[in-house]
Amino acid sequence: MLVSEFMLQQTQVARVTPRWEAWIRRWPTPADLAAAPPAEAVRAWDRLGYPRRALWLHRAASAMVERHGGEVPRELDELLALPGVGPYTARAVAAFAFGERHPVVDTNTRRVIARAVLGHGHPGPPSTTRDLAAMSSLLPVADAAARTFNAAAMELGATVCVARAPACDRCPIAAQCAWRAAGYPDHEGPRAPRQARFEGSDRQVRGLVMRELRATHRPVARGELASIWPDAEQLDRAIETLVGDGLAVVGDDGLTLPAA
DNA sequence: AACCCGTGGCA
DNA sequence: TTGCCAAGGGT
């Protein structure tokens, strides 16, 4: 569950499933992953995106071996202390893996609450404190029911109450939906800020560099990288930040993925 | 709080 | 083609 939640951060289920299967088969326990070089974790992550997650998951595995006897911790604060584990992932693991009663809020839940409860077409800018409080007030008292409610809210948002064209005719709570009752009003206050353009961004260049590093086990010289991006200054910046993140390591013969 | 971090699908 | 969106987290 922890591995799947890492992979599912900002990434759709359909793209995660095959990577998750292969990952779990290869590294069934935290100790298995911690024993592997971080480079292999980054390679196995393949093109899921945000490769820092692969590195953080590897570091989290090491931390679980060191601090928790190789087990995934059950307490929220222990989960939150793991690298790459934030409010969503910690609560998802505690609630879905361990059955603890916690509000779990992801982008789907936020949208469902915004529409069905508040009557808004879109959720406002995310606020962890507000979002958790809102979900908390809706959560059933019993542990098992709370777990189901958390999962149901996410699933409803992911499959029916979707962002673009919600399938209200198939919605099990259409009759109680405040947004529907209000006649589907449009813009309600501030929207979440727009994502920065990807084309031509540092993120794109970082992705291209990472693709080269994943493709080989040999060091990649700076000169070889020159062909993947025309702007040398931007390419250097991408390399520098990747090194800063620990995703790339500078050696005598060029750049490699982290061996340890 | 605002911004950065990959990649791909879809209208 | 462009913009939106995606089971978020770190700084």
Side-chain angles (χ1 to χ4, degrees), chain A residues 1-20 42 45-57 59-60 79-97 102-114 121-132 135 147 150-166 187 190-214 228-229 234 237-248:
Chain A
M1 297 229 31
L2 183 60
V3 170
S4 74
E5 295 299 351
F6 260 87
M7 291 183 168
L8 286 164
Q9 290 167 9
Q10 294 285 283
T11 310
Q12 300 90 333
V13 175
R15 282 209 296 145
V16 163
T17 304
R19 288 297 102 221
W20 182 85
V42 172
W45 199 259
D46 197 37
R47 282 159 32 171
L48 276 183
Y50 294 136
R52 294 190 295 184
R53 293 182 293 167
L55 207 52
W56 289 336
L57 179 53
R59 291 173 182 169
L79 286 162
L80 285 168
L82 298 173
V85 176
Y88 166 74
T89 302
R91 290 161 185 281
V93 169
F96 300 136
H102 298 292
V104 181
V105 178
D106 75 336
T107 186
N108 300 119
T109 304
R110 282 169 35 72
R111 186 174 51 251
V112 168
I113 292 176
H122 301 267
S127 157
T128 302
T129 304
R130 259 205 328 274
D131 297 340
L132 286 176
M135 189 59 172
R147 183 183 191 278
N150 277 318
M154 291 174 59
E155 190 70 8
L156 185 64
T159 61
V160 175
C161 193
V162 293
R164 226 157 298 181
H187 45 358
R191 297 278 296 269
R194 205 164 66 76
Q195 264 185 21
R197 180 183 182 83
F198 178 71
E199 205 61 35
S201 68
D202 286 3
R203 296 161 76 175
Q204 181 181 21
V205 185
R206 284 169 55 105
L208 291 172
V209 173
M210 288 305 294
R211 179 186 295 236
E212 294 300 315
L213 297 187
R214 282 195 310 264
I228 67 174
W229 196 255
Q234 192 178 16
R237 186 166 63 243
I239 292 171
E240 185 179 345
T241 62
L242 286 171
V243 171
D245 287 341
L247 283 167

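These figures come from a predicted structure and were not determined experimentally.
dG8(B) atom P lies 11 Å from atom CG of Leu208(A), rounded to whole Å. If you take CG of Asp245(A) and P of dC3(B), they are 19 Å apart, rounded to a whole angstrom. Arg211(A) has its CZ atom 7 Å from the P atom of dT7(B), to the nearest Å. At whole-Å resolution of the value, CZ in Arg206(A) and P in dC5(B) are 6 Å apart. In this structure, Asp131(A) atom CG and dG8(C) atom C1' are separated by 12 Å, rounded to whole Å. dC5(B) atom P lies 11 Å from atom CH2 of Trp56(A), rounded to whole Å. Between the CG atom of Leu48(A) and the C1' atom of dG9(C) there is a distance of 16 Å, rounded to whole Å. For Leu55(A) and dG6(B), the CG to P distance is 11 Å, given to the nearest whole Å.
Taking OG1 of Thr109(A) as the start and OH of Tyr88(A) as the end, the distance is 8.0 Å to the nearest 0.5 Å. One distance of note links OG1 of Thr89(A) with CE of Met1(A); it measures 10.5 Å at 0.5 Å rounding. Between Asp106(A) atom CG and Gln10(A) atom CD the span is 10.0 Å, to the nearest 0.5 Å. Summarising the geometry, atom CD belonging to Glu212(A) is positioned 11.0 Å from atom CE belonging to Met210(A); distances are rounded to the nearest 0.5 Å. The distance from the CG atom of Asp202(A) to the CZ atom of Arg237(A) is 4.0 Å, given to the nearest 0.5 Å.
Within 4.0 Å of Arg91(A), counting heavy atoms only, lies no atom of the nucleic acid at all. Contacts of Arg164(A) with the nucleic acid, taken as non-hydrogen atoms under 4.0 Å apart, include base atoms. If you check every strand for non-hydrogen atoms under 4.0 Å, Pro125(A) touches nothing. Among the heavy atoms of the strands lying under 4.0 Å from Gly49(A) is at least one base atom, whether or not backbone atoms are also near. Among the heavy atoms of the strands lying under 4.0 Å from Pro51(A) are primed sugar atoms or P, OP1, OP2 only; no base atom is included.
Where Pro193(A) and Asp46(A) each meet DNA chain B at their nearest nucleotide, the meeting point lying more 5' is that of Pro193(A).
For His122(A), whose side chain is taken as the heavy atoms from C-beta onward, the closest listed nucleotide among dC5(C), dG10(C), dA7(C) is dC5(C). The nucleotide whose nearest atom lies closest to any side-chain atom of Tyr88(A) is, among dC4(C), dG10(C), dA7(C), dA7(C). For Arg214(A), taking side-chain heavy atoms from C-beta onward, the closest of the listed nucleotides dG9(C), dT7(B), dA6(C) is dT7(B).
Shortest non-hydrogen contact noted between Leu80(A) and Ala90(A) is CD2-CB, 3.6 Å. Residues Arg147(A) and Phe96(A) share a closest heavy-atom pair of NH2-O, 2.7 Å.
The closest donor-acceptor contact from the side chain of Thr11(A) to the backbone of Leu8(A) lies at 3.5 Å or more, if one exists at all. Under the 3.5 Å distance criterion, the side-chain polar atoms of Asn108(A) are left unmatched by any main-chain donor or acceptor of Glu155(A). For the pair Asp131(A) (side chain) and Val105(A) (backbone), a donor-acceptor distance under 3.5 Å is absent.
Within residues 153-163 of chain A, no residue has any heavy atom under 4.0 Å from DNA chain B. Remark: Gln10(A), Thr11(A), Gln12(A), Arg15(A) in residues 4-17 of chain A come within less than 4.0 Å of DNA chain B through at least one heavy atom. Contacts between residues 195-205 of chain A and DNA chain B, counted as heavy-atom distances below 4.0 Å, involve Phe198(A), Asp202(A), Arg203(A).
No side-chain heavy atom of Ser4(A) sits less than 4.5 Å from a side-chain heavy atom of Met7(A). Residues Arg19(A) and Trp45(A) form no side-chain contact, since every pair of their non-hydrogen atoms from C-beta on lies 4.5 Å or further apart.
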Derivation and outcome, side-chain contact (heavy atoms from CB on, under 4.5 Å), residues Arg91(A) and Asn150(A): CA-CA 10 Å; Arg91(A) 290 161 185 281; Asn150(A) 277 318; over 6 Å; no

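The phosphate of dA6(C) (OP1 or OP2) has a side-chain N or O of Thr107(A) nearer than 4.0 angstrom. The shortest distance between the side-chain N/O atoms of Arg52(A) and the OP1/OP2 oxygens of dC4(B) is not below 4.0 Å.
Across the C1' atoms, dC3(B) and dA7(C) are found 22 Å apart, a figure rounded to whole Å. Between dG6(B) and dA6(C), the two C1' atoms lie 12 Å apart (nearest whole Å).
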